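Reviewing the structure listed below.
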Amino acid sequence: MKVDFQLSQEQVLDSAAVERLSQLVDESVRASSEGVRRFVEPTPGVLTKAKSKRHNVIFGRRGSGKSSLLQKIRADLTVDRTPIAMVDLETFKQHSYPDVLLSVLIKCFSEFKVWLDTAATNPANKTSFWQKLFGSVPTKPGFNRAETKALSVEFGKVVQDLEALLHAADDTKIKATEGTETGNEVKGSIASKIPHLGADLSATRSDKLRGEVQSEYSSKKIEVLHRNFMNYQKLFARLAALAGGPSYLLLDDLYHLRLEDQAKVVDYFHRIAKGSNLWLKVGTIRHRSRWYIHGQPPLGMKLGDDADEIDLDVTLEKYDVTKAFLVKVLNQFASEAAVLLPDILADGARDRLVLASGGVARDFLTMFSRSLQVARERLLRGKDARGPKVGVEDVNVAAGLQGAFKEEDFTRDTGTTEDRERLQATFRDIAEFCMAKNANCILIEKDISSSQIEAVNELVDLKYLHRAKFRVTVRDRNRIRRVYDAYMLDLSMYTGARARREFEIIKFWGPGSDDALRRAGLIYIERPNPTG
C-alpha cells in the first residue's frame, strides 16, 4: 500500500503511516526475541553457518546484528526442539575470575533447565508458548516426559551446587571479619552446603585479612571447577542422548568480560563441549576480545582449528552491497507500515544515511529515525526550502546529535582509564589530521605494524572510524609500489553542531570514485621512504 497522495507533500512526514514506521524502527533497535521475524542476513549463508555443528566466534561492531543473529538461532533451533541456551555476558562484566566463570555456568545450566521444562515437552498446540515467543510451532514431538524431568532435576542440582560455591567466600569473609573483631579463631566449612560437588572446602581463619580469605577461596573454587568439568560433560552427553542430536550454547558479548578472563571462560566451555555434542557460538567485538591465548597449555578456542569465524561487519568498503543490505532492513519496516521510502527520503539521503551509519544496521535505523524527527521539526518551523522530505542536511544534523551517544558507548566499551585515554589520544590525532587536510578520509599503508594501527583497529570497532576502501594506490607512491587502506572519520565529527565550512566529504564509492582517494596529502601512516 502506498502513502495516501491526498496528503500534501508537507503532510506526508506527519502521516499516521510514517508515525507507525518511526515507532517500528524505534522498537527494533534492541535485539529481542520478538524481532527474529524481521531478521535479514547481512550476507547469504550466515544463518546456515551459524546453526552448523561447529564452534563459531561471531564478530561484529556494536549494533551490527550479533545479538539478532543469536536470537534467530535460538528461535529456529528451539522450534526444532534442539536444546539451546543463550547467556548475555554483559550481565557479568564487573565479575572477577573465577566468580565470573561460576556465574556464567549458573546462568548456562539454568537456561538449559528452563528449556527442558518448556520447549522440550510443551505440545505443539500450546500456542501461547510457541506462537507468542517464536512465531511458529514445532513439527517434532516432545521428549519423553519422565526422562526430561529427571535430567531437569540434575541441571537444577548443579545450579544449586554452583550457587553455594559462588557465595562461599562472601559468607566466610563476613565470619572472618567478625572473628577478627572478637579476636576469636574462626572455623568454617562449606562442604556440607555442596554435597553434589563432593568438595572439601573447609577453611580455618583467625586474624586474617579479608583479601586472604578471598584469595584462598578463589583457589579452591578453581580446583572444584577443574575437578567437575567431566561431570558437566556427562550431563551434556545425556542431554544429547535425550534429544537425539546436538545442543547449543550461545554466549553473547564476550567483550564485556575482563580482557584477561575472556579466554579462560571460553576455554572452560570448550573443554565441556568436547565429546558431548555441545556447540558454542560466541558473539564479540574483534579488537576488544581475547578468545585464545597461545601457551603451554593453550587457552580458549583457536580460529581455524577449534572454531570458525563469522564476520557480520558489512562495511563501506563494499558500499553497494552494504547499502542494499541496510535499505532492505529498513524496507521491511516501511512495508509493514505501508510507506514507500522514495515518498519520504530525498535523493542523496539514503547515501548519507549509509555513510552516517558506517554500515552498522542499528545505527542506520537509529539515524533514520532521528533524521525523520529533524525533518519534521524543520518543517514545523516553516523551513521548507530544503523540501518536504528527509534530506541530506537533515541526516547531517541527526549524525551530529548521534555523537553524544557514541561517546557514551565509547566510555562503556573501553575498560580502564588508561585504555580510554590511549584510544582518545589516537582519535584526537586523527581528527586533527583530517581537520588540517579539510577532508574526512585518511590513508594507512597496508600491512604496516605498530601500536598506532592496533588503536586504529579498535577505533573502527568502536565506530569512531570506518573502513572505506581496500588497496588504494597513491599517484606519487607508485614508483615504490605502495598500497594503502582508506578510513573515513565518523560523520558525527564534522556535521551538526560540529559542521565545518569547505570540509570535503570524499566520495569514495560509485562510478569515477577510484581517483578520489589517490592523494599523498591523505596519507596518515606509512613506512619511511627507502634510502638510496
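The structure displayed is predicted, hence computed values, not measured ones.
Salt bridge status for Arg288 with Asp419: present, with a side-chain N to carboxylate O gap under 4.0 Å. One finds no salt bridge joining Arg238 and Glu147 here, because no Lys/Arg side-chain nitrogen approaches an Asp/Glu carboxylate oxygen to under 4.0 Å. The residues Lys157 and Asp161 are annotated as not salt-bridged, no charged nitrogen and carboxylate oxygen being separated by less than 4.0 angstrom. Comment: Arg74 engages Glu111 in a salt bridge, judged by a side-chain N to carboxylate O separation of less than 4.0 angstrom. A salt bridge does not link Arg286 to Asp461: none of the charged nitrogens lies less than 4.0 Å from a carboxylate oxygen. Classification of Asp252 and Lys66 as a salt-bridged pair fails, no side-chain N sitting under 4.0 Å from a carboxylate O. Between Asp320 and Lys323 there is no salt bridge, since no side-chain nitrogen of the basic residue lies less than 4.0 Å from a carboxylate oxygen of the acidic one.
Using modelled atom types and a 3.5 Å distance limit, the side chains of Arg467 and Asn457 yield a donor-acceptor pair. Residues Thr82 and Asp80 bring a donor and an acceptor atom of their side chains to less than 3.5 Å of each other. No side-chain N or O of His55 forms a donor-acceptor pair with one of Asp306 less than 3.5 Å apart. Inspection of the Glu336 and Gln332 side chains reveals no N or O donor paired with an N or O acceptor under 3.5 Å.
For the atom pair CD (Glu41) and CZ (Phe325), the distance works out to 9.5 Å, reported to the nearest 0.5 Å. Expressed to the nearest 0.5 Å, how far OG1 of Thr322 lies from NE2 of His466 amounts to 12.0 Å. Between atom CE of residue Met367 and atom CG of residue Leu372 there is a gap of 14.0 Å, rounded to the nearest 0.5 Å. The CG atom of Asp447 lies 12.0 Å from the CD1 atom of Ile444; values are rounded to the nearest 0.5 Å. The CD1 atom of Ile272 sits 8.5 Å away from atom CG of Leu249, with the distance rounded to the nearest 0.5 Å. One finds the NZ atom of Lys49 at 9.5 Å from the NZ atom of Lys281 (value rounded to the nearest 0.5 Å).
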TODO: Evaluate the side-chain hydrogen bond (donor to acceptor under 3.5 Å, both in side chains) criterion for residues Thr315 and Asp313: first the C-alpha distance (whole Å), next the side-chain angles of each, then the deciding distance (0.1 Å), finally the verdict.
DONE: CA-CA 6 Å; Thr315 68; Asp313 275 327; over 6 Å; no
Open item on the list: side chain to side chain contact (heavy atoms under 4.5 Å, CB included), that's the test. Do Leu102 and Asp99 meet it? Break it down for me.
Closed with: CA-CA 5 Å; Leu102 282 166; Asp99 285 0; 4.0 Å; yes
TODO: Show your reasoning for whether salt bridge (Lys or Arg N to Asp or Glu O under 4.0 Å) applies to Glu90 and Lys93.
DONE: CA-CA 5 Å; Glu90 185 176 4; Lys93 64 183 179 181; 3.7 Å; yes
TODO: Carefully, step by step, assess Tyr292 and Val266 under the rule side chain to side chain contact (heavy atoms under 4.5 Å, CB included).
DONE: CA-CA 8 Å; Tyr292 176 77; Val266 172; over 6 Å; no
Open item on the list: For a side chain to side chain contact (heavy atoms under 4.5 Å, CB included) check, start with the C-alpha distance between Thr148 and Arg145, then their side-chain angles and the critical distance, and finish with the verdict.
Closed with: CA-CA 5 Å; Thr148 302; Arg145 286 185 175 273; 5.7 Å; no
Task: Steps toward side chain to side chain contact (heavy atoms under 4.5 Å, CB included) verdict (Leu116, Leu151) - done: CA-CA 8 Å; Leu116 286 165; Leu151 189 56; 4.1 Å; yes
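Residues Arg38 and Val329 are not in side-chain contact: their nearest non-hydrogen atoms beyond the backbone lie 4.5 Å or more apart. Proximity of Asp308 to Leu303: side-chain heavy atoms (C-beta onward) are nowhere separated by under 4.5 Å. The closest side-chain heavy-atom distance from Phe427 to Leu489 is below 4.5 Å. Side-chain contact between Leu326 and Ser357 is present, with at least one heavy-atom pair separated by less than 4.5 Å. The shortest side-chain heavy-atom distance between Ile310 and Val57 does not fall under the 4.5 Å cut-off. Using a 4.5 Å heavy-atom cutoff, the side chains of Leu365 and Phe333 are in contact. A heavy-atom distance below 4.5 Å is not found between the side chains of Leu312 and Phe59. Side-chain contact between Val79 and Val137: absent, with no pair of heavy atoms (C-beta onward) separated by less than 4.5 Å.
When all heavy atoms of Ser289 and Leu259 are compared, the pair lying nearest together is C-CD1, 3.8 Å. The two atoms that bring Pro98 and Leu225 nearest to each other are CB-CD1, 4.3 Å, heavy atoms only. The minimum heavy-atom distance between Glu260 and Arg290, with the atom names listed, is CA-NH1, 4.2 Å. Taking all atoms of both residues into account, the shortest heavy-atom contact from Leu89 to Leu254 is CD1-CA, 3.6 Å. Shortest non-hydrogen contact noted between Trp130 and Arg81 is CZ2-NH1, 3.7 Å. The minimum heavy-atom distance between Ser276 and Gln233, with the atom names listed, is CB-O, 3.5 Å.
Asn56 contributes no side-chain N or O that, together with a main-chain N or O of Ile58, makes up a donor-acceptor pair within less than 3.5 Å. Between the side chain of Asp490 and the backbone N or O of Ser492, at least one donor-acceptor pair lies under 3.5 Å. With hydrogens and angles disregarded, no donor-acceptor distance shorter than 3.5 Å links the side chain of Ser369 to the backbone of Thr366. Side-chain atoms of Arg61 come within 3.5 Å of backbone atoms of Gly358 as a donor-acceptor pair (strictly under, hydrogens ignored). A distance-only check finds no donor-acceptor pair linking the side chain of Thr48 to the backbone of Gly45 [under 3.5 Å]. Using modelled atom types, no side-chain atom of Tyr248 and backbone atom of Leu278 make a donor-acceptor pair closer than 3.5 Å. Checking side-chain atoms of Asp267 against main-chain N and O of Leu299 turns up no donor-acceptor pair under 3.5 Å.
Heavy atoms of other residues, nucleotides or ligands lying less than 6.0 angstrom from NZ of Lys264 number more than 12. Heavy atoms of other residues, nucleotides or ligands lying less than 6.0 angstrom from NZ of Lys149 number 12 at most. Within 6.0 Å of NZ on Lys328 lie no more than 12 heavy atoms contributed by other residues, nucleotides or ligands. Other residues, nucleotides and ligands contribute at most 12 non-hydrogen atoms within 6.0 Å of the NZ atom of Lys126.
Taking Phe143 as the reference, Trp115 meet the ring pair (Phe, Tyr, Trp, His ring centres under 6.0 Å) condition, with sequence neighbours excluded.
A ring-centre distance under 6.0 Å is not found for Phe269 and Tyr232.
Under the 30°/60° scheme for interplanar angles, the aromatic rings of His95 and Phe92 are found to stand perpendicular. Between Phe155 and Phe236, the two ring planes are perpendicular [angle over 60°; tilted spans 30° to 60°].
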